[in-house]
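Below you'll find the structure, written out as structure tokens, and then a few comments.
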Amino acid sequence: MRLHEEMEQYRNVLIVRLKGELDHHTADGLKQRLEDALLRGRATHVLLNLSGLAFMDSSGLGVILGRYKTVTARGGKLLVCGVGPAVRRLFELSGLLKILALYENEHEALGSLEVVS
Amino acid sequence: MRLHEEMEQYRNVLIVRLKGELDHHTADGLKQRLEDALLRGRATHVLLNLSGLAFMDSSGLGVILGRYKTVTARGGKLLVCGVGPAVRRLFELSGLLKILALYENEHEALGSLEVVS
Amino acid sequence: MNGSNRMVLSFSSRSENEAFARIAVAAFVSQLDPTVEELNDLKTAVSEAVTNAIIHGYDGKPDGMVTIEARIEGDAVSIIVRDEGKGIEDLELARQPLFTSRPDLERSGMGFTIMENFMDEFDVSSEPGKGTEIRMMKRIESKKALYN
Amino acid sequence: MNGSNRMVLSFSSRSENEAFARIAVAAFVSQLDPTVEELNDLKTAVSEAVTNAIIHGYDGKPDGMVTIEARIEGDAVSIIVRDEGKGIEDLELARQPLFTSRPDLERSGMGFTIMENFMDEFDVSSEPGKGTEIRMMKRIESKKALYN
Ligand SMILES: Nc1ncnc2c1ncn2[C@@H]1O[C@H](COP(=O)(O)OP(=O)(O)O)[C@@H](O)[C@H]1O
Ligand SMILES: Nc1ncnc2c1ncn2[C@@H]1O[C@H](COP(=O)(O)OP(=O)(O)O)[C@@H](O)[C@H]1O
């Protein structure tokens with residue numbers, strides 16, 4: 001199983017739905033595709049939906065932290081939803097849990113932005 | 001994935017539905033359970049439904065040929081149904097295709113017996 | 001993919017490792033994106049060779065080691081299955097369809113015939129008292145672009 | 001199961017083999033009937049160790065070999081991951097959470113911390129210029145009767 005993603009622009013949010021396995025082999029391509037989409041599109045915020053991830057290791061932490069930096073440097077927010085227990089544990093161990101905005105699902109994540117912006 | 005089987009007695013036929021992988025590791029246990037069921041039960045014929053098999057190699061040919069011998073020695077018939085292309089090729093290569101009675105499904109297999117007996 | 005991708009896998013001669021060997025080879029070859037049928041052919045040939053090493057090479061004793069070497073070069077998968085078991089005295093006889101030295105174990109004698117039919121190339125070499133080596137090759141037709 | 005079940009797997013230092021390594025270890029360990037969580041812990045630890053060998057040990061060059069040794073004894077799985085790569089100069093520094101020598105590759109510096117947390121035992125040894133060896137052990141609690 002490899003990694004696929006589905007991207008959708010909703011207002012000023014780039015929604016990215018990941019499916020498959022996020023490891024070092026698949027992380028490089030994902031990083032490129034996300035950076036491309038951010039450069040081309042007009043999204044301020046990024047919402048990562050991880051509910052379709054079958055596996056993730058620390059290479060995933062690297063990509064997520066990297067996008068966190070890109071997005072916040074541009075004044076946007078990185079939102080994450082669909083986080084299973086295994087990924088949650090990685091977020092906890094690495095301290096990412098403290099800086100990421102985690103939501104149950106896309107609806108809640110998008111709702112939080114409407115209040116803010 | 002291991003091998004499981006579901007056995008059901010229908011009139012004088014022992015119906016055996018195989019699920020999983022039939023290789024050398026799982027063949028020995030299957031052989032024992034089939035012989036036990038034949039000794040205890042009052043079945044004359046045996047119907048093997050292979051539609052749930054995800055894998056079979058030549059160890060499967062050995063068990064099937066072995067049961068063919070037991071059943072025909074007792075005056076019964078060994079019927080086989082639910083044979084996919086992979087298993088069919090093994091039957092062809094080994095010559096088993098010529099001696100086994102193959103049917104599309106259980107219904108057809110059981111129907112063939114009603115005409116005969 | 002530049003150059004070749006290689007793996008060597010050794011494991012105890014236990015029957016529970018037959019399924020493990022099939023899964024490992026299938027996972028290694030999956031990068032060529034084989035069809036379900038191609039993958040099944042490979043798994044069947046590997047299963048036959050590994051089973052033979054366990055049953056015949058090591059006479060069912062669990063403390064031998066079976067080794068699989070696989071290499072992907074272009075669209076070709078080469079697979080070697082090797083044991084350091086008892087070896088084969090008469091190779092010509094052993095390769096006959098339906099010949100088995102263990103009818104008591106309900107062996108069908110079809111292992112070598114299946115490997116030969118399911119793979120594009122097949123060869124056995126063996127030395128009595130030293131062991132047996134199976135060399136096989138299969139071309140994977142359905143090589144598609146990799147996703148990542 | 002009497003005695004131990006053992007496997008040794010070596011493969012090219014290519015990133016496409018990271019998934020292969022996880023599947024192979026998972027298939028080998030599946031005979032202990034681990035829970036989904038236990039299996040995920042093992043796969044994650046193996047993925048970290050193999051990725052490190054590929055990225056750091058061999059600097060991303062595909063012609064090195066990574067070796068995994070696994071052994072099942074009772075309910076314990078021991079796993080060794082080894083490379084003959086460049087080795088680690090300062091092990092104490094390397095093991096610090098969040099330390100990475102490759103921030104340019106967006107590494108998180110969490111590999112060792114994850115291995116240590118996800119396994120019951122963990123140890124690294126390394127010799128600069130010679131290579132690195134990770135030794136890990138995990139007990140599988142959910143050992144149930146085998147089906148066959
Ligand atoms: N690895 C091996 N070591 C020793 N003998 C072997 C090995 N593989 C095959 N043989 C011999 O060759 C015979 C034919 O093998 P095969 O065609 O696979 O049929 P089967 O395994 O059903 O007996 C076996 O019965 C055995 O005597
Ligand atoms: N197999 C290895 N060979 C050489 N150096 C290694 C190896 N594994 C780890 N290291 C060194 O240890 C550091 C920390 O490793 P780790 O905690 O896995 O974080 P990361 O892989 O994200 O850098 C690496 O950045 C690298 O410098």
Side-chain angles (χ1 to χ4, degrees), chain A residues 1-4 18-36 38 46 48 50-73 78 80 83-100, chain D residues 11-23 25-26 35-60 62 66 81 95-119 122:
Chain A
M1 197 195 296
R2 304 283 168 159
L3 184 76
H4 302 267
L18 297 180
K19 287 194 173 30
E21 309 206 333
L22 177 46
D23 64 4
H24 161 240
H25 180 66
T26 57
D28 283 351
L30 176 64
K31 173 190 165 177
Q32 289 311 324
R33 295 189 299 274
L34 286 177
E35 289 291 311
D36 283 1
L38 281 170
V46 172
L48 286 180
L50 307 184
S51 62
L53 274 191
F55 178 82
M56 183 179 118
D57 64 15
S58 78
S59 302
L61 295 175
V63 199
I64 294 174
L65 190 60
R67 272 1 85 216
Y68 172 84
K69 289 177 184 163
T70 324
V71 173
T72 51
L78 180 76
V80 182
V83 175
V87 173
R88 192 183 186 88
R89 207 163 141 215
L90 295 179
F91 285 166
E92 262 171 23
L93 266 179
S94 62
L96 269 179
L97 200 60
K98 289 186 208 119
I99 63 169
L100 290 177
Chain D
F11 50 86
S12 307
S13 52
R14 293 165 165 272
S15 65
E16 57 264 44
N17 289 334
E18 291 155 8
F20 163 58
R22 294 195 296 272
I23 295 173
V25 170
T35 61
V36 173
E37 201 196 320
E38 286 168 338
L39 209 52
N40 186 67
D41 289 357
L42 279 165
K43 285 165 81 173
T44 308
V46 166
S47 200
E48 299 297 344
V50 167
T51 301
N52 278 353
I54 293 173
I55 298 183
H56 303 300
Y58 295 115
D59 275 323
V66 183
V81 179
R95 289 181 64 161
Q96 303 274 321
L98 301 174
F99 171 81
T100 179
S101 56
R102 300 302 301 270
D104 56 314
L105 296 179
E106 294 201 335
R107 302 306 302 162
S108 65
M110 288 301 294
F112 282 142
T113 309
I114 289 170
M115 293 181 239
E116 221 168 330
N117 267 275
F118 281 37
M119 301 291 283
F122 167 81

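Quick note on labels: first sequence line is chain A, next is B, and so on, each numbered from 1.
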> A:Lys69 versus chain D, heavy atoms under 4.5 Å apart: side chain, backbone, both or neither?
Replying inline: neither
> In terms of heavy-atom proximity below 4.5 Å to chain D, should A:Leu65 be classed as side chain, backbone, both, or neither?
Replying inline: neither
Could you check whether [Y] and [X], counting side-chain N and O atoms only, form a donor-acceptor pair closer than 3.5 Å?
X	Y	answer
A:His25	D:Ser15	yes
A:Thr26	A:Glu21	no
D:Arg22	D:Thr44	no

> What part of D:Asp41 is in contact with chain A, defined as an atom under 4.5 angstrom from a non-hydrogen atom: side chain, backbone, both or neither?
Replying inline: side chain
>> I'd like to check A:Leu18 versus A:Leu22 (side-chain heavy atoms, cut-off strictly below 4.5 Å). Are they in contact?
In response: yes
> When only pairs under 4.5 Å are counted, which of D:Leu98, D:Ile114, D:Val50, D:Leu105 shares the most heavy-atom pairs with chain A?
Replying inline: D:Ile114
> Roughly how far apart are D:Glu48 CD and D:Met119 CE, rounded to 0.5 Å?
Replying inline: 12.0 Å
>> I'd like to know which of A:Leu61, A:Leu93, A:Val63, A:Leu96 tops the heavy-atom pair count under 4.5 Å against chain D.
In response: A:Leu93
